[in-house]
Amino acid sequence: MTDRRDIPYRFEPTDTAAQLHAAHGDLAAGESSGVQATVAGRLMLRRVQGRLCFGTLDDASGERIQLFAPAAATPDYEEFCSLSIGDWVGAGGEVMKTRRGELSVQVGDWRLLAEARRPFPDKWHGMADTDTRYRQRYVDLWVTPATRRAFEVRSAATAAIRAELAARDFTEVETPMLHPIPGGAAARPFITHHNALDCDFYLRIAPELYLKRLVVGGLPRVYELGRIFRNEGLSPRHSPEFTMLELYQAYADYTDMMVLVEELSAAAAAAATGSTQITADGASLDLAPPWRRATMAEVVSEFAGRELPATGTPDSPAAADLRGEADRLEVATEAGWSAGRILAEIYERRVESELQGPLFVCDFPLEVSPLARRHRHVDGLAERFEAVVAGRELGNAFTELTDPDEQRTRFAHQEHRRRGGDSEAMVTDEDYLRALSYGLPPTGGLGLGIDRLVMLLCGAETIRDVVLFPTLRPEAGAGGDS
RNA sequence: GCCCCCGUAGCCAAGCCUGGCAAGGCAUCGGACUUUUAAUCCGCAGAUCGUGGGUUCGAAUCCCACCGGGGGCACCA
């Protein structure tokens, strides 16, 4: 005879709860279907009423299914009634509806699949302590519906993005995470050590320079969707490891990247939520193309309430004008900054967070864009834009700088800043310059923050809610060396 | 790194301001109940009040330090 609490080595469910609801949802109350089904999942609720027992099984299919167990027909009825909330159970029997109209599987056979030896959180209140929710995500996923939904949204969004890129003939690649030189962004890296080579490596802060090497190598449309690491502070919008889509398209410029951002964002939203409408900070936004395009000088001028210049050397009247505006807006500036640099500072400190979007803020000052090509019409600017939604930067893109000599000059400027104490200034990457010297065609490049996109799609207020296991201080006494 | 807030049983929590036996609910355990829906009813049990120190006749409560988390600032995407 079967010991129903003896854990089997395998179990074969025939249907999910969602499938049963779809197939038998129209049964009349009190009616039996004559169809046998086997389901498996976690027992989330249990109602024992004398010679009848009702259980609510959650199999993560999006719906729950009731287990209906009358004592007269359920093998080992007492054992079934004593199952704990949180136990994994497999049960088979006829699909039916109870008198109250609840679709159920009448338990003809059942097995315990895993015992919940720790009690599950309160069935009604769930988990409130964010610390516990993040550390014990395996419990949170069961008891907090928004948690499971966030990761379903995340999966649907990334799948949609991959599908869109495949449809456009992009090749997905994987480039190194361990970099001898941290490059492609202005950020402080994590440092690690390789024992056999006896040298330090940096966890990548961006895959940018490797991906452009691949365009040189003959992959004209290439992308990587993966984790990058930045050794900076944590906040509701910043995680030390986060996911970025970076892509490069030969023969394209930054206007092509704008179209791509619009189309990828809208496709991700539609796939994940069924709509391009999102709600952020109580306001309703639509990610459907086209998005507004404005220059940085335009959006800052709108914020300031008067026309402001976009460029000018540090000693120009334009720079003096902007410095006065910065003072008025209580934005700190440094001597020697050009007009564009001051404009960018005002934008980042005061304007960006006020922009609802979705919109593209175009044409950044050249000096804060060391990998972007200079603007084809305006001196002192780069062909670069940020995509802004709900006051946050969603993506960053530019027409790539392809000339190796100019790139060397830009690196030299970064090195100069680095010597001046800017720990986030870029380091010269000689191999990257060598690659450029073999010839990089005109190329558009894009970085899109996947975590932030998912936050928008599911209304998350903190990035931790869209990361399964967010970075936390290690728990005391939870293993390791302690 | 700085500032503010939080930490009471497996879970949700009252009590803290104004010091005096640590409420209540869910879950667990025992009992009743043959169509429940957070089932209901009766009963039992469960607490180093985050940790350590201090003040006090007496500390969950007041003070200090530390640990963990959250928010803000700074840094960044």
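Each chain gets a letter, A, B and so on, in the order its sequence line appears, and its residues count up from 1.
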J.: What is the distance from CZ of Arg384(A) to C1' of rA77(B), rounded to the nearest Å?
T.: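 Those two atoms, CZ and C1', are 10 Å apart.
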
J.: Side chain of Asp122(A), base of rG25(B): donor and acceptor closer than 3.5 Å?
T.: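 Flag set: donor-acceptor pair detected.
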
J.: Atom CG of Asp87(A) to atom C1' of rU28(B): distance rounded to whole Å?
T.: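 So the two atoms are 12 Å apart, to the nearest Å.
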
J.: Rounded to whole angstrom units, what separation is found between the OH atom of Tyr134(A) and the C1' atom of rG71(B)?
T.: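 Answer to the nearest Å: 12 Å.
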
J.: Calculate the interatomic distance between Glu345(A) atom CD and rA74(B) atom P; express it in whole Å.
T.: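 Atom CD in Glu345(A) sits about 11 Å away from atom P in rA74(B).
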
J.: Of Arg230(A) and Glu102(A), whose closest RNA chain B nucleotide lies nearer the 5' terminus?
T.: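 Nearest-nucleotide comparison on RNA chain B picks Glu102(A).
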
J.: Hey, do the aromatic rings of Phe398(A) and Phe385(A) have their centres closer than 6.0 Å?
T.: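 Ring centroids of Phe398(A) and Phe385(A) are no less than 6.0 Å from each other.
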
J.: Between Arg204(A) and Glu246(A), is there a salt bridge with N-O shorter than 4.0 Å?
T.: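 Judged by the 4.0 Å cut-off on N to carboxylate O distance, Glu246(A) and Arg204(A) do not form a salt bridge.
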
J.: Do any side-chain nitrogens or oxygens of Arg464(A) fall under 4.0 Å of OP1 or OP2 in rG71(B)?
T.: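 For Arg464(A), the contact criterion (side-chain N or O under 4.0 Å from OP1 or OP2 of rG71(B)) is met.
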
J.: If I take atom CG in residue Asp129(A) and atom P in nucleotide rA13(B), what distance separates them, rounded to the nearest angstrom?
T.: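 Taking atom P of rA13(B) as the reference, CG of Asp129(A) is at 9 Å.
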
J.: For residues 31-46 of chain A, which residues have at least one heavy atom under 4.0 Å from RNA chain B?
T.: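 Under 4.0 Å from RNA chain B: Leu45(A), Arg46(A).
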
J.: Only pairs at least two apart or in different chains count here, so list each salt bridge (charged side-chain N to carboxylate O under 4.0 Å, His left out) that has a residue in residues 137-146 of chain A.
T.: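 Residue pairs passing salt bridge (charged side-chain N to carboxylate O under 4.0 Å, His left out), neighbours aside: Arg133(A)-Asp140(A), Arg137(A)-Asp140(A).
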
J.: Does OP1 or OP2 of rU28(B) have a side-chain N or O of Arg118(A) closer than 4.0 Å?
T.: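 Checking Arg118(A) against rU28(B): no side-chain N or O falls below 4.0 Å of OP1 or OP2.
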
